[in-house]
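Accompanying notes for the structure given below.
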Amino acid sequence: MEGYQAPRGMRDIFPEELETWQEFEEQARSLLTRYGYQEIRTPLVEEKSLFERSVGQDTDIVMKEMYTFLDRKGRNLALRPEGTASVVRAYIQSQYYQRKKISRFWYEGPMFRYDRPQKGRYRQFYQLGVEILGGKDPYFDVEAISLLRELVVAAEVSDAQIHLNSLGCPACQQNYREILRTFLRSNEVRFCQDCQRRLQSNILRIFDCKNAQCAEVVRVSPPLIDKLCTSCLAHLQAVKEALDNLGVPVKIDQWLVRGLDYYTGPVFEAFVSQETNAIAAGGRYDTLVSSLGGPNLPAVGFAIGLDRLMTLKDSRTHRASVIRAFFLGGRAKSVGISLIDNLRRLGLAVEVDYEDRPLKTHLQIAHREKIQWCLIMGENEIAQQKFLLKNMETRHQYTIALNEAGQKIRELTCSETASVGK
RNA sequence: GUGGGUGUAGCUCAGCGGUUAGAGCGCCAGACUGUGGCUCUGGAUGCCGGGGGUUCAAAUCCCCUCACCCACCCCA
């Protein structure tokens with residue numbers, strides 16, 4: 001009652017942490033641009049049924065994890081639990097496929113799932129995703145996977161491992177489910193309760209079971225990869241070979257399956273050593289566009305879990321790049337404020353401490369707050385039409401004439417910041 | 001959704017029926033009137049997550065609730 005707190009599983013991200021995010025986002029944006037991807041922004045809210053149809057009626061996401069609500073007109077809406085459905089919907093709605101043969105989109109933003117929170121798992125979490133729409137060639141899968149790898153590398157986390165499998169086209173999948181079901185039926189009694197259920201609902205999920213007995217049965221069951229049709233197998237092999245040639249390390253993982261229903265071909269997940277959960281995942285979804293009412297166009301994409309990735313990325317704390325200004329005495333304050341006003345116009349970042357404190361205290365505060373540069377002005381300086389610029393790290397202090405402020409500061413802060421290193 | 005753990009000062013935690021709730025770090029003030037990292041001296045830390053109950057007495061025991069963490073389920 002007394003104090004508000006963020007809803008369960010949702011959190012605030014403060015500037016110190018955001019610095020890490022922004023560092024990555026900068027890299028990512030540059031990388032994505034170089035790969036020819038364009039940003040797309042879609043609503044956080046969509047019709048609930050969009051996700052039911054795309055993600056799948058029988059998935060946990062749809063069955064128990066969606067934030068749904070009726071709006072004032074009684075529309076059945078949902079907070080997006082993932083990004084692909086929205087992008088595909090936007091693509092179809094705008095008939096974007098009429099403008100370009102191949103569309104390469106990327107997006108970043110919050111997703112919502114009513115999960116039980118854990119470390120690196122939030123009810124509002126952030127994904128950076130990529131979708132290639134309209135491309136059938138295996139090289140599109142290759143591009144997606146190598147881009148994923150580049151992005152993870154850009155995050156400077158220790159080496160990522162990418163696992164690759166193929167779920168096969170709908171025909172393969174149906175066929176394999178039957179084969180697997182028949183095989184596993186004979187061992188049904190040995191499965192745990194969860195797997196008994198999976199046998200009915202989502203049979204491929206049995207591959208993920210950690211129960212030792214289940215794992216034993218799974219180990220001897222016929223691998224999906226052996227049951228792929230020639231075209232699906234060729235596609236997977238082409239992807240694997242091209243990745244090998246490119247020097248993108250991937251590991252075929254025949255037990256890899258995905259939780260969303262729309263995947264139809266190669267699927268992949270990225271892992272990093274410190275974490276058992278995947279930090280990114282994706283795959284080919286050749287039937288989704290048409291099943292959402294669009295033309296029959298193939299597609300492939302992936303999403304990175306940024307919350308997870310960012311906890312692994314080491315955050316180097318550099319000194320604030322902003323100049324801290326403070327003044328000793330009222331006259332200095334009023335002269336100083338018009339000085340910094342000019343400096344800002346020249347593009348310099350300056351923040352002011354307007355409080356009247358002793359110089360000593362100002363410096364202490366600046367020191368504690370890891371400020372790199374202090375701009376100091378008092379009566380003595382005013383008398384000489386000058387001010388002081390102090391490098392807090394080297395303790396060097398420069399006396400600068402008011403009329404050459406901008407130029408001098410730029411010289412000093414550029415050269416010394418660079419030489420000091422970040 | 002299932003099972004378990006933890007909530008005490010800004011932070012890390014101690015106290016686990018018995019006066020007025022503690023330590024370290026941090027913070028504030030002074031020594032030091034316009035020059036920060038050290039030192040010394042002094043000071044404040046707080047609805048003991050919230051609500052209810054048991055008791056002469058609750059941070060401590062019980063119930064409920066909220067949040068976080070861990071393992072499942074699932075997922076990124």
Side-chain angles (χ1 to χ4, degrees), chain A residues 1-11 55-56 58-66 80-84 108-129 148 151-152 192-195 197-198 201-202 205-206 208-211 257-260 268-272 275-283 301-312 324 326-329 332 356-374 376-383 387-397:
Chain A
M1 243 119 305
E2 223 35 79
Y4 286 109
Q5 54 183 326
R8 175 155 212 220
M10 304 196 180
R11 60 168 180 155
V55 173
D58 294 334
T59 59
D60 274 28
I61 292 177
V62 165
M63 285 193 300
K64 45 188 212 193
E65 293 177 3
M66 273 211 288
R80 63 179 186 193
E82 61 107 39
T84 301
E108 180 187 337
M111 308 294 162
F112 302 84
R113 287 181 206 172
Y114 194 88
D115 242 5
R116 186 116 171 203
Q118 248 176 68
K119 195 179 192 72
R121 191 167 86 183
Y122 302 95
R123 288 181 173 181
Q124 175 176 334
F125 61 101
Y126 294 81
Q127 285 189 338
L128 187 155
L148 169 56
L151 286 166
V152 175
C192 68
Q193 280 218 320
D194 283 326
C195 284
R197 179 175 53 76
R198 288 180 180 121
S201 60
N202 197 350
R205 276 279 149 210
I206 290 183
D208 294 338
C209 190
K210 281 149 189 117
N211 180 297
V257 293
R258 309 269 26 260
L260 288 66
F268 46 90
E269 291 185 348
F271 296 86
V272 290
E275 180 87 51
T276 54
N277 285 314
I279 57 162
F302 65 82
I304 302 175
L306 293 179
D307 307 81
R308 285 179 188 174
L309 190 63
M310 290 306 102
T311 59
L312 300 172
R324 164 70 52 84
F326 52 83
F327 312 107
L328 309 169
D356 297 314
R357 312 179 204 275
L359 172 60
K360 181 189 181 66
T361 311
H362 267 125
L363 288 170
Q364 267 170 358
I365 292 169
H367 173 76
R368 186 167 64 239
E369 294 178 5
K370 297 217 172 8
I371 296 290
Q372 175 80 62
W373 292 95
C374 283
I376 308 161
M377 193 179 230
E379 290 296 330
N380 301 349
E381 286 72 32
I382 293 181
F387 65 92
L388 304 174
L389 188 71
K390 176 155 189 159
N391 184 325
M392 295 299 282
E393 204 160 348
T394 64
R395 305 182 138 231
H396 279 109
Q397 186 169 284

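Nothing here was measured: the structure is a model prediction, and the numbers come from that model.
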Enumerate all atom pairs, one protein N or O and one N or O from nucleotides 39-41 of chain B, separated by less than 3.5 Å.
none

Quick one: which protein N/O atoms are closer than 3.5 Å to N/O atoms of nucleotides 69-73 of chain B? Pair and distance per line, please.
residue: C70(B); atom: OP2; partner: Lys119(A); partner atom: N; Å: 2.5
residue: A71(B); atom: OP2; partner: Gln118(A); partner atom: OE1; Å: 3.3
residue: C73(B); atom: OP2; partner: Lys210(A); partner atom: NZ; Å: 3.4
residue: C73(B); atom: O3'; partner: Arg198(A); partner atom: NH2; Å: 3.2
residue: C73(B); atom: N4; partner: Arg121(A); partner atom: NH1; Å: 2.5
residue: C73(B); atom: N4; partner: Arg121(A); partner atom: NH2; Å: 3.1

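With sequence neighbours excluded, the residues that form a ring pair (Phe, Tyr, Trp, His ring centres under 6.0 Å) with Phe326(A) are His362(A). For Arg205(A), the salt bridge (Lys or Arg N to Asp or Glu O under 4.0 Å) criterion is met by Asp208(A), not counting sequence neighbours.
Every stem involving RNA chain B, taken as at least 3 paired positions in a row under the Watson-Crick or G-U wobble test at 3.5 Å, is listed here: B:1-7 with B:66-72, B:10-13 with B:22-25, B:27-31 with B:39-43, B:49-53 with B:61-65.
With hydrogens and angles ignored, a donor-acceptor pair closer than 3.5 Å exists between the side chain of Arg395(A) and the base of G37(B). A donor and an acceptor atom never sit less than 3.5 Å apart when one is taken from the side chain of Gln397(A) and the other from the base of G34(B).
Between Lys360(A) and U35(B), a side-chain N or O to OP1/OP2 separation shorter than 4.0 Å is absent. A close approach under 4.0 Å does not occur between any side-chain nitrogen or oxygen of Arg357(A) and OP1 or OP2 of G34(B).
Nucleotides U12(B) and A58(B) place their P atoms 29 Å apart, quoted to the nearest Å.
Distance NE2 (His362(A)) to P (C32(B)): 22 Å, rounded to an integer number of Å. Rounded to whole Å, the distance from CZ on Arg123(A) to P on A67(B) is 8 Å. The CD atom of Glu369(A) sits 15 Å away from the P atom of G37(B) (whole-angstrom rounding). In this structure, Met10(A) atom CE and C66(B) atom C1' are separated by 15 Å, rounded to whole Å. Note: CZ (Phe268(A)) to C1' (A76(B)) measures 13 Å, nearest angstrom. For the pair Gln364(A) CD and G34(B) P, the computed distance is 11 Å after rounding to whole Å. Distance, Tyr114(A) OH to C75(B) C1': 17 Å, rounded to whole Å. Between the C1' atom of G36(B) and the CG atom of Leu388(A) lies a distance of 14 Å, rounded to the nearest Å.
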How would you summarise protein contacts on nucleotides 6-13 of chain B per nucleotide, using B for base, S for sugar-phosphate only and - for none, with heavy-atom distances below 4.0 Å?
--------
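Within the nucleic acid shown, Gly129(A) has no heavy atom closer than 4.0 Å to any nucleic acid atom. Residue contacts for Gly378(A): at a heavy-atom cut-off of 4.0 Å it reaches a base atom on one of the strands shown.
Exactly one residue among Met66(A), Glu65(A), Arg123(A) makes a side chain to side chain contact (heavy atoms under 4.5 Å, CB included) with Arg113(A). That residue is Glu65(A).
Between the side chains of Asn391(A) and Gln397(A), no donor-acceptor pair is found at a separation under 3.5 Å.
Nearest to the side-chain atoms of Arg368(A) among the listed nucleotides C28(B), C75(B), G37(B) stands C28(B).
Judged by distance alone, the side chain of Arg121(A) and the main-chain N or O of Gly9(A) form no donor-acceptor pair under 3.5 Å. Using a distance-only test at 3.5 Å, with no hydrogens or angles considered, no donor-acceptor pair links the side chain of Asp307(A) to the main chain of Gly120(A).
Considering CG of Leu328(A) and CG of Asn380(A), their distance stands at 9.0 Å, rounded to 0.5 Å.
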